[in-house]
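This report refers to the structure that appears directly beneath it.
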Number of protein chains: 2
Amino acid sequence: MRVSKQTMERHHKEIIAIASTMLRERGVLGVGVADVMQAAGLTHGGFYRHFASKEALIAEATSAAFAEILDGLEKAAARKGATAALEDYISGYLSQRHVDQPSRGCPIPAFGADAGRESASIRAEFEAGVDRLLAWIAAGLRCAEAERTAKAIELLSLMVGAVVTARASGDQALSKKILAQGRRSAGNLVSV
Amino acid sequence: MRVSKQTMERHHKEIIAIASTMLRERGVLGVGVADVMQAAGLTHGGFYRHFASKEALIAEATSAAFAEILDGLEKAAARKGATAALEDYISGYLSQRHVDQPSRGCPIPAFGADAGRESASIRAEFEAGVDRLLAWIAAGLRCAEAERTAKAIELLSLMVGAVVTARASGDQALSKKILAQGRRSAGNLVSV
DNA sequence: CAGATAAGATGATATATATAATCTTTATTT
DNA sequence: AAATAAAGATTATATATATCATCTTATCTG
């Protein structure tokens, strides 16, 4: 049945929000259109009133995942300063919680590999998110202006790789070792 | 029809070899049992004479992917020395070729995120591969014995993250920038 | 308020999936 | 050489998939 414009708008946003968490939990091929709709309390039939294709949903959900995170980061930086916010971000990123719960975490370790196999429209959203994230990280670094972007890339690569490798290595000792070393390395990077 | 023991053994290895490249190209959910069998010149019906389940195939293919790479690395280290071999490995890892062609590349950026979602048997194979790779990297580092493992983890994390992020960021300028920075950072790591 | 419109539900289609049963053909064993 | 065993082919099953058509029912618009 038809719903009000406001309700439809709300549904639209809910679908995207659910897809953005499912994406990070299950990867691109692991999320089904019907799954997402059901989780939103709807049936699969209405999906194509909202999106032209699954690909379009993934693109929007990718953008939403980055936006959600970056909005939070920008608020944190405004509240406690760019450098302190960056330190919090790093310790959260390289935490056991982040490794265990990808659903609200960073999209890059969660489905960056998947995104690399997807269409240009999805990769473009991903790239925009990475760009924005790198700029935010750079702003929190205390080194010389000229080195900031380079260092931001180094730091992000290190963190992404540590989380991917820790997740893949099961819940054993190795996983924790990788995380702990990631924290040390990242700490050295930002302090120098 | 029945084939000789040798032929069956060959088929078995071919199936695993094909799965190990498909895995890296398409991820765990992207490889289908029938796809793999067809690529091996067989039909899907015979699959369960070779493997108990798709999961068993993925576990074996994961192990095979790491083994293939590490056998090559160990030969290279024997030929030209651990340190020189490590330098080659790093420059190959952070090359455009590796970013563009995951099929014969490192399993960690290719399907580490997928592996993290899979069963313990698959994660165990992955963990064993990471372990062996870290030991090989550590052997090529010229720093103090006590720091080697830590530095190997740092280096691998950095490289994995750079490749994942470069792949996800499309074929634009950002992707190349991430790779180039990865090479600089890795270079600094091994030289110090 | 009446009619148009459209969001979502229901149902259908076509394809893909992992797995299992059965059949065929051949290698192995006796 | 006959009997057996088994690898792979064929076929079947059950489920999942993305997408589309149609129907219902409510909102919006004139």
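Each chain gets a letter, A, B and so on, in the order the sequences are listed, and its residues count up from 1. Please read all numbers here as calculations on a predicted model, not as lab measurements.
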Using nucleotides 6-10 of chain C, report all nitrogen or oxygen pairs with the protein that are shorter than 3.5 Å.
unit_1, atom_1, unit_2, atom_2, d
C/dA7, N7, A/Arg49, NH1, 3.3
C/dA7, N3, A/Met1, O, 3.4
C/dA7, N3, A/Arg2, N, 3.1
C/dG8, OP1, A/His11, ND1, 2.1
C/dG8, OP2, A/His50, NE2, 2.4
C/dG8, O4', A/Met1, O, 3.2
C/dG8, O6, A/Arg49, NH2, 2.9
C/dA9, OP2, A/Thr43, N, 2.7
C/dA9, OP2, A/Thr43, OG1, 2.5
C/dA9, O5', A/Thr43, OG1, 3.1

(request) Please say whether more than 12 non-hydrogen atoms of neighbouring residues, nucleotides or ligands are located less than 6.0 Å from CZ in B/Arg10. (result) yes

(message) Between the side chains of B/Asp100 and B/Arg97, is the shortest nitrogen-to-carboxylate-oxygen separation below 4.0 Å, so that they form an ion pair?
(response) no

(message) Salt bridge or not between B/Glu127 and B/Arg123? Use side-chain N to carboxylate O under 4.0 Å.
(response) no

Minimal non-hydrogen separation, [X] against [Y], with atom names:
{"X": "B/Leu141", "Y": "B/Ala152", "value": "CD1-N, 3.7 Å"}
{"X": "A/Asp114", "Y": "A/Val28", "value": "OD2-N, 2.8 Å"}
{"X": "B/Ala186", "Y": "B/Ile90", "value": "CB-CG2, 3.7 Å"}

(request) Before giving the answer on side chain to side chain donor-acceptor pair (under 3.5 Å), spell out for B/Gln38 and B/Thr43 the whole-Å C-alpha distance, their side-chain angles and the decisive distance to 0.1 Å. (result) CA-CA 6 Å; B/Gln38 192 183 349; B/Thr43 57; over 6 Å; no

Integer-rounded Å distance: [N] [atom2] and [X] [atom1]:
{"X": "A/Tyr48", "N": "D/dT22", "atom1": "OH", "atom2": "C1'", "value": "17 Å"}
{"X": "B/Gln38", "N": "C/dA18", "atom1": "CD", "atom2": "C1'", "value": "16 Å"}
{"X": "A/Glu55", "N": "D/dT17", "atom1": "CD", "atom2": "P", "value": "18 Å"}
{"X": "B/Leu57", "N": "C/dT19", "atom1": "CG", "atom2": "C1'", "value": "14 Å"}
{"X": "B/Arg10", "N": "D/dA7", "atom1": "CZ", "atom2": "P", "value": "15 Å"}
{"X": "B/Lys54", "N": "C/dT19", "atom1": "NZ", "atom2": "C1'", "value": "12 Å"}
{"X": "B/Glu118", "N": "C/dA18", "atom1": "CD", "atom2": "P", "value": "12 Å"}

(message) If you assign each of A/Asp35 and A/Ala52 to its closest nucleotide in DNA chain D, which residue comes earlier from the 5' end?
(response) A/Asp35

(request) Assign B/Val36 to base, sugar-phosphate, or nothing according to its heavy-atom contacts below 4.0 angstrom with the strands shown. (result) nothing

(request) Enumerate the residues from residues 16-29 of chain B whose closest heavy atom to DNA chain D is under 4.0 Å, giving them by residue number; use none for an empty result. (result) none

(message) Please determine whether residues B/Ile122 and A/Leu29 belong to a single hydrophobic cluster, defined as Ile, Leu, Val, Met, Phe, Trp and Tyr linked transitively by side-chain heavy-atom distances below 4.5 Å.
(response) no

(message) Can you work out whether B/Gln6 or B/Ala34 has the more 5'-proximal nearest nucleotide on DNA chain C?
(response) B/Ala34

(message) Are B/Ile108 and B/Phe66 packed together at the side-chain level, in the sense that at least one heavy-atom pair is separated by less than 4.5 angstrom?
(response) yes

